[in-house]
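Structure first, commentary second.
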Number of protein chains: 2
Amino acid sequence: MSVRKAQAAETRAALLEAARQQFVERGYLNTKITDITAAAGRATGSFYAHFADKDELLRALLDDVRSQARDQVVAEVHPRDHDLADRDQLHAHIGASWQAMRDHLPVTIAVFESIVAEGPRSGRAWQRLVADTDVLRDHLDYLREQHRPLPGDPALLAPAMGAMLSLLSYALLTTDHPAHPDTEVVDTLTDLLLHGLTGPTSPTAPASLTEPAAPAA
Amino acid sequence: MSVRKAQAAETRAALLEAARQQFVERGYLNTKITDITAAAGRATGSFYAHFADKDELLRALLDDVRSQARDQVVAEVHPRDHDLADRDQLHAHIGASWQAMRDHLPVTIAVFESIVAEGPRSGRAWQRLVADTDVLRDHLDYLREQHRPLPGDPALLAPAMGAMLSLLSYALLTTDHPAHPDTEVVDTLTDLLLHGLTGPTSPTAPASLTEPAAPAA
DNA sequence: GTCTATAGTAAGATAGAC
DNA sequence: GTCTATCTTACTATAGAC
């Protein structure tokens with residue numbers, strides 16, 4: 001690679017990194033092109049040598065995230081018959097999603113804002129919710145095929161679960177002094193999604209069929 | 001009321017109504033002041049005789065919604081000891097929330113967009129999630145006081161449930177051809193939140209203690 | 001490719017007649 | 001209070017030297 005190309009790649013990388021920082025600091029919509037170039041220590045005009053506009057830069061950031069995610073998936077292998085009704089496996093799924101959103105917080109924020117900014121008629125919020133919960137839905141379909149009891153259509157359940165994770169992570173991760181640590185959030189969401197508000201044993205079930213009335217925690 | 005005042009009130013109402021329409025059509029952020037005045041059949045300058053900016057207009061819309069909601073709450077009375085572990089009552093709660101978001105769709109959309117536009121550092125997403133699920137949290141606290149089993153801290157559970165409702169409603173209600181009717185959504189969310197993915201009876205429980213194996217739907 | 005300087009644009013907000 | 005016309009601003013995006 002020539003010196004010129006290396007410098008160009010460096011500038012491009014600096015712009016991407018500066019953008020990440022600014023997106024967390026100001027949000028995607030409030031970040032101006034000049035905010036990015038200033039944070040990267042470059043001139044305004046240099047931005048356009050690498051990206052047509054802010055949107056194209058965001059797509060570049062997204063590509064990075066996706067290629068990373070692809071590597072991870074390949075590394076882990078991910079069979080369809082994961083049993084989401086098993087607490088450990090559900091916990092792992094939710095924990096991984098949460099961690100991914102935290103790891104890629106600038107992109108998480110930027111994508112969220114850009115989708116909302118597109119306006120309601122675009123229908124992209126639903127599109128993305130469906131797309132992002134594709135794997136989840138596949139697992140639920142598998143459960144259904146096995147005649148496991150499910151509270152509803154996997155095509156609706158998966159986006160619903162994704163909505164909870166997505167908005168809650170956005171809200172919590174963008175708070176300076178989070179009221180709840182990650183472990184608590186993941187544990188709570190796991191138990192909520194696994195057994196609901198009523199807990200593992202229904203409180204209305206006759207006591208004789210359950211344990212000898214354990215004292216509540 | 002004088003004629004002049006009546007005309008003014010009429011213009012104000014026309015602006016509010018036009019804004020509602022435009023917010024659904026274009027979204028809050030993409031709606032220009034001129035879009036509102038044009039849709040209301042008024043001149044651009046007239047806007048500023050009634051509102052300082054778009055944000056103040058949104059606050060006016062919010063006040064309308066809040067006063068309506070207040071009336072409804074007063075009408076229904078709403079005791080703290082509603083039992084959210086009872087399916088009918090949980091179903092009613094979720095159904096009412098869903099219906100409210102649909103009824104006030106323009107404001108739902110606008111508030112959502114304006115919060116996101118404020119950027120991540122404002123922390124307002126979490127603030128609003130907590131504020132909007134205030135009543136829900138109160139019900140959960142009550143359950144906890146009665147030593148009912150809960151999957152986690154009501155201070156986290158309530159916002160989590162609110163996040164699911166909020167983002168899912170935004171995504172679904174802004175789709176032209178919704179893939180799922182309201183009744184299905186409310187039913188599914190109710191069952192998911194009540195008993196989780198595992199359904200009312202744990203699939204790992206010995207069959208002898210449950211019903212004689214009903215065929216899956 | 002990167003810089004400085006500037007052109008272009010879109011929208012918010014105001015002035016002043018009626 | 002409402003209108004038309006205009007001012008202002010803030011940002012995007014480009015031009016042209018190096």
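To find a chain, count down the sequence lines: A is the first, B the second, and so on, and within it residues start at 1.
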Report yes if the side chains of [X] and [Y] come closer than 4.5 Å at any heavy-atom pair, otherwise no.
X	Y	answer
B:V135	B:H139	yes
B:D141	B:R80	yes
B:P120	A:V24	no
A:L197	B:M161	yes
A:L172	B:W126	yes

Between atom [atom1] in [X] and atom [atom2] in [N], what is the gap in whole Å?
X	N	atom1	atom2	value
A:I33	D:dC11	CD1	P	11 Å
B:F47	D:dT4	CZ	P	17 Å
B:R12	D:dT2	CZ	P	12 Å
B:H50	D:dC3	NE2	C1'	12 Å
A:K54	D:dA13	NZ	P	10 Å
A:R42	C:dT4	CZ	C1'	16 Å
A:L15	C:dG1	CG	C1'	12 Å
B:F51	C:dG12	CZ	C1'	16 Å

Of the nucleotides [options], which has the atom closest to the [X] side chain?
X	options	value
B:D53	C:dT2, D:dT4, C:dA13	C:dA13
A:A43	D:dT2, C:dA13, C:dC3	C:dC3
B:Y48	C:dG12, D:dA13, D:dC3	C:dG12

OP1 or OP2 of [N] less than 4.0 angstrom from a side-chain nitrogen or oxygen of [X], does that happen here?
X	N	value
A:T34	D:dC11	no
A:S46	C:dC3	yes
B:T11	D:dG1	no

Can you work out whether A:K32 or A:G45 has the more 5'-proximal nearest nucleotide on DNA chain D?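 Closer to the 5' end of DNA chain D: A:K32.
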